[in-house]
Structure formats: C-alpha cells, structure tokens
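Only one structure is covered here, and it is reproduced in the block below.
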Amino acid sequence: MNVRLILATAALAVLVGTPVQAENGDSVSPQELKAKTDYCKTCHGLSGQGFRGSFPMPRLAGQQPQYIENQLQAFIDQRRTNPVMFNVAHVLSPAMEKALSEHFKELNPPPLGGAPKELAPEGRRIYEEGIASANVPPCASCHGPDAKGADAFPRLAGQLNDYIFRKLTGWDRERGQKKDQPDNSAIMQPIAHDLSEAQIRAVAAYVSQLE
Ligand code: HEC
Ligand code: HEC
C-alpha cells in the first residue's frame, strides 16, 4: 500500500464520523417522501439513472446512502459548490436527507451508457491497478472491486461518463471549498489532480458501463 493511500484511509476514518443525524426525531411521511423523490427525478431520471440535458445529471440509483447524505450536506454548507443543488438541498431536513438517500439506494436501473467502448480496457486497467508512474492508487482499493462503493466512498458503477469527466477535471473548483471545514473531498483531490484527461476518459468509460 503506498503512503498516500494509508494517509487517505486514516483521514477518512476520522472524517466519516460526522454524519447528519435527525436529532429531534423528525419523521418523513410516505407522501412527503414521494413528492420529494418525484421532484428529484425530474432532473436525475425517473429511476435515478441520471439524465443528459444541457449538462449531465448524475445517477443516484444504487448510490451509497452515506455518500448521498454527505453530498447534500456539502451543497448546503457550500463546501461543494453547485447553485442548482444548493437551492434543492438547503430546504431539506436531516430526516428527509436520510429518507432520500435510503430511497435511491434501492433503485437499480441499467446504466445509461453512451461512452466510447474502445476506451474501456485501458480504463479497467487503471481502475484495477492504478498508475504507478503517476502515484495513482487503484480506484478499486477505495471504490470497491465492483465499483459499488461503501459508506462514504461513492458508487461509480453506471455513473454517467461525461459527469465523471466534468467532476474529476473540476475537482479543485467545486469540492472542498471551505478551507476551514475540511471534508472527504480531500481524499480524492490528489487523485483527480494526478490523472490526465485521457486517463479520466478511459476510466470513466469503463465504470459507466458497469451494472
Ligand atoms: C433542477 C435539477 C435538479 C433537481 C430537481 C435535483 N438535482 Fe441533484 N443534481 C443536479 C445536478 C445538475 C447535479 C450535479 C452537480 C454537479 O455537477 O456537481 C446534482 C447532483 C446531486 C448529487 C451529487 C451526486 C454525486 O454523485 O456526487 C446528489 C446527492 C443529488 N444531486 C441529490 C438530489 C436529490 C436528493 C434531489 C431531490 C431532493 C435532487 N438532487 C434534485 C440537479 C438537480
Ligand atoms: C484513497 C481512496 C480513493 C481512491 C484510491 C480513489 N477514490 Fe475516488 N473518491 C474517494 C472518496 C472518499 C470520494 C468522495 C469524496 C467526497 O465525499 O467529497 C471519491 C469520489 C470520487 C468521484 C466523485 C463521484 C461523484 O459521484 O461525484 C469520482 C468520479 C471518483 N472518486 C473517481 C475515482 C477514480 C477514477 C479513481 C481511480 C483513478 C479513484 N476515484 C480513486 C476516494 C478514493
């Protein structure tokens, strides 16, 4: 295991301990949850499979609930900057955030696809072996051998390739924007930074077609 990976894993062990909890016992009725998920799906797709409009809306189906809650809170705190999702998220109660993240975990539509298939073999190599010369650890070591993620490590399987490309090339401008409130985005930052655009395209093509 390389040093960066050990450090990153240690950092995560500290950082994942800040989940959002409903402190006041708030609960969400099935009707309230349905109204809210219907709203989410106008952008994220009817089965949470993602959607390509003027820009890609990420897949939420099968995503790790802990990761979804962390991102909703990051949008609210503006540690992760996105004007659309700030507006969506800042009205959500902690109980609703939790209910939403559990709802999307249960959905399992097929991947939207659309990535150049010929890039997938190189992408698979990067995913499974990393890139030793660039000090990039295997993606599988954190996102799991099947790319389904775990807890605060997001699922990548079936995620839209163009969304992945935009997120990895924009990492420094969008994530971890409150320097006094460090979060899990710091674990992924050096990896996003060390990948070339061609390598990102390849690994995005590979994971985006995984079920
Ligand atoms: C008006 C369109 C729109 C609506 C409605 C919407 N979203 Fe989003 N959402 C987006 C966009 C666009 C992004 C990608 C932001 C980015 O590029 O960083 C996003 C990103 C996210 C992410 C981060 C995903 C990831 O892989 O990191 C989560 C979680 C999320 N949305 C949850 C929700 C939930 C839950 C709802 C309903 C309460 C919702 N969204 C409603 C447009 C929308
Ligand atoms: C040391 C652990 C680690 C390794 C190795 C790693 N990641 Fe990540 N990755 C993370 C964590 C943690 C997050 C979530 C960051 C957050 O919550 O802000 C993440 C987030 C991401 C995201 C954003 C997902 C989304 O839905 O917006 C992408 C894309 C991603 N990683 C791709 C990769 C790729 C490709 C590789 C291999 C080249 C890789 N990761 C290797 C830990 C890792």
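In listed order, ligands and their atoms are each counted from 1. This structure is a prediction, so every number in the text was calculated from the model and none was measured.
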query: Charged N to carboxylate O below 4.0 Å: is that the case for D180 and K178?
result: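 No, this pair does not count.
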Can you find a non-hydrogen atom of R80 under 4.0 Å from ligand 1?
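Under 4.0 Å: yes for R80.
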Check: Taking the non-hydrogen atoms of P58, is any one of them nearer than 4.0 angstrom to ligand 1?
Finding: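 Yes, P58 has a heavy atom closer than 4.0 Å to ligand 1.
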In the structure I gave you, are the side-chain heavy atoms of [X] and [Y] within less than 4.5 Å of one another anywhere?
{"X": "F165", "Y": "R201", "result": "yes"}
{"X": "Q64", "Y": "K105", "result": "yes"}
{"X": "R175", "Y": "M188", "result": "no"}
{"X": "R80", "Y": "S185", "result": "no"}
{"X": "P56", "Y": "R166", "result": "yes"}
{"X": "K36", "Y": "L100", "result": "yes"}
{"X": "N135", "Y": "P190", "result": "no"}
{"X": "I131", "Y": "Q199", "result": "yes"}

With the 4.5 Å side-chain cut-off for hydrophobic clustering, are [X] and [Y] part of the same group?
{"X": "I200", "Y": "L210", "answer": "yes"}
{"X": "V88", "Y": "L33", "answer": "yes"}
{"X": "F51", "Y": "Y39", "answer": "no"}
{"X": "L119", "Y": "V203", "answer": "no"}
{"X": "I164", "Y": "I126", "answer": "yes"}

Which atoms of ligand 2 have any heavy atom of [X] under 4.0 Å away?
{"X": "I187", "value": "1 (C), 2 (C), 42 (C)"}
{"X": "V136", "value": "38 (C)"}
{"X": "V203", "value": "35 (C)"}
{"X": "P138", "value": "5 (C)"}
{"X": "S141", "value": "5 (C)"}

### From the candidates K41, R59, H44, the one that places a heavy atom nearest atom 40 (N) of ligand 1
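Among K41, R59, H44, the closest heavy atom to atom 40 (N) of ligand 1 belongs to H44.
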Check: Which is closest to atom 41 (C) of ligand 2 in terms of heavy atoms, C139, A140, A134?
Finding: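 Looking at heavy atoms only, the winner is C139.
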- [ ] Confirm or rule out an N/O/S atom of C142, from backbone or side chain, lying less than 2.8 Å from atom 8 (Fe) of ligand 2.
- [x]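 So C142 does not count as coordinating atom 8 (Fe) of ligand 2.
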N/O/S atom name from H143 that is nearest to the position of atom 8 (Fe) of ligand 2: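 Going through the N, O and S atoms of H143 one by one, NE2 ends up nearest to atom 8 (Fe) of ligand 2.
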| query | Between Y206 and Y127, what is the ring plane arrangement, given parallel below 30°, perpendicular above 60°, and tilted in between? | reply |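 Geometry flag for Y127 against Y206: tilted rings.
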Pick one of side chain, backbone, both or neither for how [X] approaches ligand 1, counting any non-hydrogen atom pair under 4.0 Å.
{"X": "T37", "result": "neither"}
{"X": "F75", "result": "side chain"}
{"X": "R166", "result": "neither"}

May I ask you to check if R59 and Y163 form a cation-pi contact, with NZ or CZ under 6.0 angstrom from the six-membered ring centre and within 45° of the axis?
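No, R59 does not sit over the ring of Y163.
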Looking only at protein heavy atoms, which one is nearest to [atom], and what is the separation?
{"atom": "atom 25 (C) of ligand 1", "value": "Y163 OH, 3.1 Å"}
{"atom": "atom 28 (C) of ligand 1", "value": "L60 CD2, 3.7 Å"}
{"atom": "atom 1 (C) of ligand 1", "value": "C43 SG, 2.7 Å"}
{"atom": "atom 38 (C) of ligand 1", "value": "C40 SG, 2.7 Å"}
{"atom": "atom 30 (C) of ligand 1", "value": "M85 CE, 3.4 Å"}
{"atom": "atom 17 (O) of ligand 1", "value": "K167 NZ, 2.6 Å"}
{"atom": "atom 15 (C) of ligand 1", "value": "N82 ND2, 3.3 Å"}
{"atom": "atom 12 (C) of ligand 1", "value": "F55 CE1, 3.4 Å"}

Assess [X] for proximity to ligand 2: is some non-hydrogen atom of it under 4.0 Å away?
{"X": "A192", "answer": "no"}
{"X": "Q71", "answer": "yes"}
{"X": "L156", "answer": "yes"}
{"X": "F165", "answer": "no"}

Select one of side chain, backbone, both or neither to describe which atoms of [X] lie under 4.0 Å from any atom of ligand 2, heavy atoms only.
{"X": "Y206", "result": "neither"}
{"X": "I191", "result": "side chain"}
{"X": "N70", "result": "neither"}

| said: Working to the nearest 0.5 angstrom, can you tell me the gap between T37 OG1 and M96 CE? | reply: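 Those atoms lie 8.5 Å apart.
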field: Per-atom contacts of ligand 1 with Y39, taking only distances under 4.0 Å to non-hydrogen atoms
entry: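 Within the 4.0 Å cut-off of Y39, ligand 1 contributes 5 (C).
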Quiz item: Under 4.0 Å from any heavy atom of Y67, which atoms of ligand 1 are there?
Solution: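 Every atom of ligand 1 under 4.0 Å from some heavy atom of Y67: 25 (C), 26 (O), 27 (O).
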Quick one: does R175 get an N or O within less than 3.5 Å of an N or O on ligand 2?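 In this structure, R175 places an N or O atom under 3.5 Å from an N or O of ligand 2.
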For K148, does its backbone N or O pair with a side-chain atom of D146 as donor and acceptor, under 3.5 Å?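 Yes; judged by distance alone, with no hydrogens or angles, the pair exists.
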So is there a nitrogen or oxygen of E174 less than 3.5 Å from a nitrogen or oxygen in ligand 1?
->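 The answer is no, given that E174 and ligand 1 share no N or O pair closer than 3.5 Å.
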### Task
Evaluate whether atom CD of E102 has more than 12 neighbouring non-hydrogen atoms of other residues, nucleotides or ligands under 6.0 angstrom away.
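Yes - once you tally the heavy atoms of other residues, nucleotides and ligands closer than 6.0 Å, there are more than 12.
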